[in-house]
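Order of the sequence lines sets the chain letters (A, B, ...), proteins ahead of strands, with each chain counted from 1.
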Number of protein chains: 2
Amino acid sequence: MSPVSTADGQLRPSHRRTAVVEALKGGNRFVSAQELHMRMVAEGTRIGLSTVYRALRDAEETGRVDVVQAGTGEKRYRWRRGGEHRHYLVCRVCAASRPVEAEAVEAWVASVVSASGFAAVEHTVELDGVCARCQRAAD
Amino acid sequence: MSPVSTADGQLRPSHRRTAVVEALKGGNRFVSAQELHMRMVAEGTRIGLSTVYRALRDAEETGRVDVVQAGTGEKRYRWRRGGEHRHYLVCRVCAASRPVEAEAVEAWVASVVSASGFAAVEHTVELDGVCARCQRAAD
DNA sequence: CTTGTTGCAAATTCTTTGCATGACA
DNA sequence: TGTCATGCAAAGAATTTGCAACAAG
């Protein structure tokens, strides 16, 4: 069954789920569910792939992680610190990420939305390139 | 085999591929490969799903279509008119799309990139919501 | 005990590929 | 006649789900 909120809105405790979150917090880069699972198993955590998927889906639905989609249709997750909505510039080679200052975009989105007649508009802004380090490594 | 360019850089003629492009031009909304295939078959065109996929991949690689990725990891395509790079506001319900004025974002992207040290940066800006018509239909 | 969580394997969904066939230059 | 496009079925890849075993309150 999928995790359910208890009366006070908190998720019921769970070693595994906690472990997933901890593993995610441990990195500053976007990782896929499978990568995260492999990493956890490699570090000795006994956990199933499904549980990792379930934990990440929960985290996504409750807005605790940022998500990007590679062109392959694979999702990559990154723990969201500070609880704010952010956008990132992600390296296509090493998946390192750096948050970018995105106020201008937020403002633009708001103006476009208000003029469109659309409701419940969500936005995705993804930037990906090759970071300076990987550029050097490519030589 | 995958389509190959001839000496003059043009794709070799092909009924099927042309048919895919025509079918795509026939709509103003983003469609998935499978939807497009079903539509073509329903209209009497004899064509295989693989061919639709191949044609769309070609079109994507040569920049003749705009692509968005639904949260499901499924790609949706829309014929690009006028050859310019555009961004769209897409309805989550009916997939109707309207291009948005995106100069502000392009400028923002350029400034972020120049300050980052990243190279070969690509950007994705996707806006999705519920269009006015589908809002009314929901009542 | 009862309820929610986990893991495994099977099932889904979207997309790509291998290969024999068919069509056009 | 040779080359490339096509279709079908099989292969792949990422993710979800059914279900029995299990852990915790």
(request) Going 5' to 3' through nucleotides 8-13 of chain C, assign each nucleotide B (protein heavy atom under 4.0 Å from a base atom), S (under 4.0 Å only from sugar-phosphate atoms) or - (no protein heavy atom that close). (result) BB----
(message) Holding to ring-ring contact (aromatic ring centres under 6.0 Å, His included), I want the full list of residues that pass it with B:Tyr77, two or more places apart in sequence or in another chain.
(response) none
(request) Take atom OH of B:Tyr53 and atom C1' of D:dA5, then tell me their distance rounded to the nearest Å. (result) 19 Å
(request) Take the protein atom CD of A:Glu60 and the nucleotide atom C1' of D:dT15, then report the distance between them rounded to whole Å. (result) 12 Å
Using distance only, find each side-chain donor-acceptor pair of residues 105-114 of chain B under 3.5 Å and give its atom names and separation, not counting sequence neighbours.
from: B:Glu106; atom 1: OE1; to: B:His123; atom 2: NE2; distance (Å): 3.2
from: B:Glu106; atom 1: OE2; to: B:His85; atom 2: NE2; distance (Å): 3.4
from: B:Glu106; atom 1: OE2; to: B:His87; atom 2: NE2; distance (Å): 3.0
from: B:Glu106; atom 1: OE2; to: B:His123; atom 2: NE2; distance (Å): 3.3
from: B:Trp108; atom 1: NE1; to: A:Glu101; atom 2: O; distance (Å): 2.9
from: B:Ser111; atom 1: OG; to: B:Trp108; atom 2: O; distance (Å): 2.8
from: B:Ser114; atom 1: OG; to: B:Ser111; atom 2: O; distance (Å): 2.9

(request) Could you tell me the separation between the CD atom of A:Gln69 and the C1' atom of D:dT15, rounded to a whole number of Å? (result) 12 Å
(request) Kindly say whether B:Gly117 contributes a backbone atom to a donor-acceptor pair with the side chain of A:Gln135 at under 3.5 angstrom? (result) yes
(message) Suppose the criterion is side-chain hydrogen bond (donor to acceptor under 3.5 Å, both in side chains): which pairs have a residue in residues 42-53 of chain B, not counting sequence neighbours?
(response) B:Gln34-B:Tyr53
(request) Quickly work out the B:Met38 CE to C:dT15 P distance and round it to whole Å. (result) 12 Å
(request) Report the distance from atom CG of B:Asp58 to atom P of C:dT17, rounded to the nearest whole Å. (result) 12 Å
(request) Check which hydrophobic residues are tied to B:Val93 through side-chain heavy-atom contacts below 4.5 Å, counting indirect links as well, and list them. (result) B:Val130
(request) Would you please name every residue forming a side chain to side chain donor-acceptor pair (under 3.5 Å) with B:Arg29, sequence neighbours left out? (result) none
(message) Tell me the interatomic distance from A:Arg17, atom CZ, to C:dG7, atom P, rounded to whole angstroms.
(response) 11 Å
(request) Calculate the interatomic distance between B:His37 atom NE2 and D:dT6 atom P; express it in whole Å. (result) 12 Å
